[in-house]
Participant: 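Below is the structure I would like to discuss, written out as structure tokens.
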Amino acid sequence: MSSYFTDLAQQYIDGEWRAGTGSWDIIDFDPYNDEKLASITIATVDEVDQAYRAAARAQKDWAATNPYTRRAVFEKALRLVEEREEEIAGAIVAELGGTRLKAAFELHLAKEFLRESVHLALAPEGRIIPSPVDGKENRVYRVPVGVVGVISPFNFPFLLSLKSVAPALALGNGVVLKPHQNTPVVGGSLIAKIFEDAGLPAGLLNVVITDIAEIGDAFIEHPVPKVISFTGSDQVGRHVATVCAPLFKRAVLELGGNSALVVLDDADVDYAVDAAVFSRYVHQGQVCMAANRVLVDRAVADEFTEKFVAKVRTLKAGDPRDPETVIGPVINARQADALTGVVEQALSEGATALVRGGRSNNLVEPSVITGLPAGSALLRQEVFGPVAFLVPFDGEEEAVRLVNDTPYGLSGAVHTGDVERGVRFAKRIDTGMFHVNDGTVHDEPIVPFGGEKHSGVGRLNGDTMLDAFTTTKWISVQHGRSGFPF
């Protein structure tokens, strides 16, 4: 695993591993023990340009390659991930503080998405559409957009980079990937190495490790990419969309959330507790779909709260290398400071901490907060860490109002003894995804993934990858002779 951080601490441009030429380095740290993993000289605007130009050159031949030939690359990439699974898991633990459980979860999903990319290579289909004009044949072709720019986040960097990179490549595009500065290897160069070893032609996938302090908006503004696929915060997503719009670029935005897990009066309380604890605290709560808010009907609130608090107190926080650890570190000190501030703000507003976790460097222990005033901004924003807000409600109508009282609309869940009651409830919630009798954190390769409101624009997964990374082209053929009015 350690060789990943020495061997892959480089840019990958036009099939070559090389140092960046920027004037400063990104230092890659282990967030648990602050060990320096790598030092990477950043890419400049010129290197971003080189990466995009390489992708554009390589893409023409790749798009013309038989899709069965393209498919073989993804089959090989999947085998390589399976063969290197233990080393990749170790890199996830080291670079982003993921627990062993989280690493296994991320790798499982990454393999599923690679399997789907194998099928996506053969997915584009044309159509013949009737014409009102005699003798005319209308053909509609599904073609690659050309080059896709991918900006990935730090929380699930291996999965969420692959989730856009692999489908875009499978559908005949070139790609330039910019991983998050805190996860440059797992979210960037490691993926380039896998595809290089899988036989992807040089130039098709490029990885630039850099920072907006160096390149500004050059990654988004560059004339080559026709689509920017961004996963991250709604604040940055708004900026990406603003830059893309006047340049007529398509922006696929998978943004933050403020999901609620709702426990109705007829729920299986023990099961709902298990689902809620997982939904809030998986990967230290650094998940866009995490259950920020746990809404509980007053009829079962006392029982649920007692059991929820008891379970949270059992969650072991510590070294993510320890298989018993459930709560590892958050990604950096800024995030840890923000979470400390969230708890302090909640208490200053009159809330009560049923569990108040301590903090040691980037290790933030779980907290459970109740009694937040209804008007608190904390109930409407995304909290990216292990802090749960318990909110009682009286009846379904109030629950629906509370769930929707947020600018976000990504995921959510409801627990009830009546599945159809749950479905009726889910239909009233303004989200892209909602789950009945389950957790809030789910992703599957062939179901549309994405949010409403501030949680994003567009969808990924399955057939929606065609909408994201291809376009349609109408070609008509006149088999007879058209008549013209002049």
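We're numbering straight along the sequence, starting at 1.
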Participant: Where do Gly409 and Ser455 come nearest, in terms of heavy atoms and distance?
Facilitator: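 Heavy-atom minimum between the residues: N-OG, 2.9 Å.
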Participant: What distance do Leu8 atom CG and Ile194 atom CD1 have between them, rounded to the nearest 0.5 Å?
Facilitator: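 Those atoms lie 9.5 Å apart.
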Participant: Would you say the rings of His283 and Phe156 are close, in the sense that their centroids are separated by under 6.0 Å?
Facilitator: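 They qualify: ring centres under 6.0 Å apart.
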Participant: Given 3.5 Å as the limit, does a donor-acceptor pair link the side chain of Asn461 with the main chain of Glu444, or not?
Facilitator: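 The answer is yes, because a donor-acceptor pair under 3.5 Å joins these two groups.
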Participant: Do you know which two heavy atoms are closest between Val207 and Gly188, and how far apart they sit?
Facilitator: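 Taking Val207 first and Gly188 second, the nearest heavy atoms are CG2-O, 3.6 Å.
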Participant: Closer than 4.0 angstrom, basic N to acidic O: yes or no for Glu452 and Arg459?
Facilitator: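 Answer for the salt bridge query: yes.
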Participant: Of all heavy-atom pairs between Tyr281 and Pro386, which one has the smallest distance, and what is that distance?
Facilitator: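 Minimum heavy-atom contact is CE2-O, 3.4 Å.
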Participant: Quick one, Ile40 and Gln10 - any side-chain contact, counting heavy atoms below 4.5 Å?
Facilitator: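 No; the side chains remain at least 4.5 Å from each other.
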Participant: Taking the side chain as every heavy atom from C-beta outward, state whether Leu171 and Leu466 have any atom pair closer than 4.5 Å.
Facilitator: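 Yes, their side chains come closer than 4.5 Å.
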Participant: Where is the tightest heavy-atom contact between Arg280 and Val387, given as atom of each residue plus distance?
Facilitator: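 Between these two residues, the closest heavy atoms are NH1-O, 3.0 Å.
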Participant: Is any NZ, NE, NH1 or NH2 atom of the basic residue among Lys193 and Glu87 found under 4.0 Å from an Asp or Glu carboxylate oxygen of the other?
Facilitator: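 So Lys193 does not pair with Glu87 through a salt bridge.
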Participant: Please check: side-chain N/O of Thr325 versus main-chain N/O of Arg321, any donor-acceptor pairing under 3.5 Å?
Facilitator: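 Pair absent, no side-chain N/O of Thr325 close to backbone of Arg321.
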Participant: Do Phe29 and Asn362 touch side chain to side chain, with heavy atoms closer than 4.5 Å?
Facilitator: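 No, their side chains stay 4.5 Å or more apart.
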Participant: Would you mind checking if Glu86 and Arg100 are paired as a salt bridge, meaning a charged N to carboxylate O distance below 4.0 Å?
Facilitator: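 A salt bridge is present here (some side-chain N lies under 4.0 Å from a carboxylate O).
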Participant: Walk me through whether Asn258 and His454 qualify under side-chain hydrogen bond (donor to acceptor under 3.5 Å, both in side chains).
Facilitator: CA-CA 10 Å; Asn258 180 20; His454 290 195; over 6 Å; no
Participant: Counting only N and O atoms by type, is there a donor-acceptor contact under 3.5 Å from the side chain of Asn155 to the main-chain atoms of Gln286?
Facilitator: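 Checking the backbone N and O of Gln286 against the side chain of Asn155, a donor-acceptor pair under 3.5 Å is found.
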Participant: For side-chain hydrogen bond (donor to acceptor under 3.5 Å, both in side chains), just list the numbers for Asp25 and Thr41, CA-CA rounded to whole Å, side-chain angles, deciding distance to a tenth of an Å, and then say yes or no.
Facilitator: CA-CA 4 Å; Asp25 292 352; Thr41 304; 2.8 Å; yes
Participant: Using the ring of Phe449 (Phe, Tyr or Trp, six-membered ring only), decide whether Lys163 places NZ or CZ under 6.0 Å from its centre and within 45 degrees of its axis.
Facilitator: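 Yes - Lys163 lies over the ring of Phe449, closer than 6.0 Å to its centre and within 45° of its axis.
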Participant: Taking atom NE2 of His435 and atom NE2 of His415, what is their separation to the nearest 0.5 Å?
Facilitator: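 Those atoms lie 10.5 Å apart.
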Participant: Using a 4.5 Å cut-off on heavy atoms from C-beta on, say whether the side chain of Leu379 contacts that of Asp405.
Facilitator: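 Not in contact.
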Participant: Are Leu295 and Leu261 packed together at the side-chain level, in the sense that at least one heavy-atom pair is separated by less than 4.5 angstrom?
Facilitator: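 They are not in contact (no side-chain heavy atoms under 4.5 Å apart), so the answer is no.
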Participant: I want to check something: taking the side chain as every heavy atom from C-beta on, are Asn332 and Asn182 in contact at a cut-off of under 4.5 Å?
Facilitator: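 They are in side-chain contact.
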Participant: Indicate the atoms forming the closest heavy-atom contact of Pro225 with Phe219, along with that distance.
Facilitator: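 So the two residues come closest at CG-O, 4.2 Å.
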Participant: Would you confirm whether Asn173, through its side chain, and Val145, through its main-chain N or O, come within 3.5 Å as a donor-acceptor pair?
Facilitator: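 Side chain of Asn173 to backbone of Val145: a pair is present.
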Participant: Is Lys249 salt-bridged to Glu221, cutoff N-O under 4.0 Å?
Facilitator: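 Looking at Glu221 together with Lys249, the answer is no, because their closest N to O distance does not fall below 4.0 Å.
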Participant: For residues Leu162 and Ile191, determine if any side-chain heavy atom of one lies less than 4.5 Å from a side-chain heavy atom of the other.
Facilitator: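 Leu162 reaches Ile191 side chain to side chain.
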Participant: Closer than 4.0 angstrom, basic N to acidic O: yes or no for Arg53 and Asp46?
Facilitator: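 No, this pair does not count.
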Participant: Quick test of your reading of the model: are Arg79 and Asp197 salt-bridged, counting only N-O distances below 4.0 Å?
Facilitator: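 A salt bridge is absent here (no side-chain N lies under 4.0 Å from a carboxylate O).
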Participant: Can you find a pair of side-chain heavy atoms, one from Val93 and one from Lys102, that are under 4.5 Å apart?
Facilitator: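 The answer is no, as the side chains (C-beta and beyond) never meet within the 4.5 Å cut-off.
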Participant: Kindly determine whether Thr470 and Arg142 satisfy side-chain hydrogen bond (donor to acceptor under 3.5 Å, both in side chains), including the steps that lead there.
Facilitator: CA-CA 7 Å; Thr470 69; Arg142 177 74 75 165; 3.1 Å; yes
Participant: For the backbone of Met289 and the side chain of Thr440, can you confirm whether one donor and one acceptor N or O come within less than 3.5 Å of each other?
Facilitator: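 Judged by distance alone, yes, a pair lies under 3.5 Å.
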Participant: Please state whether the rings of Tyr12 and Trp17 are parallel, tilted or perpendicular, taking 30° and 60° as the class boundaries.
Facilitator: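 Tilted: the ring planes of Tyr12 and Trp17 meet at 30° to 60°.
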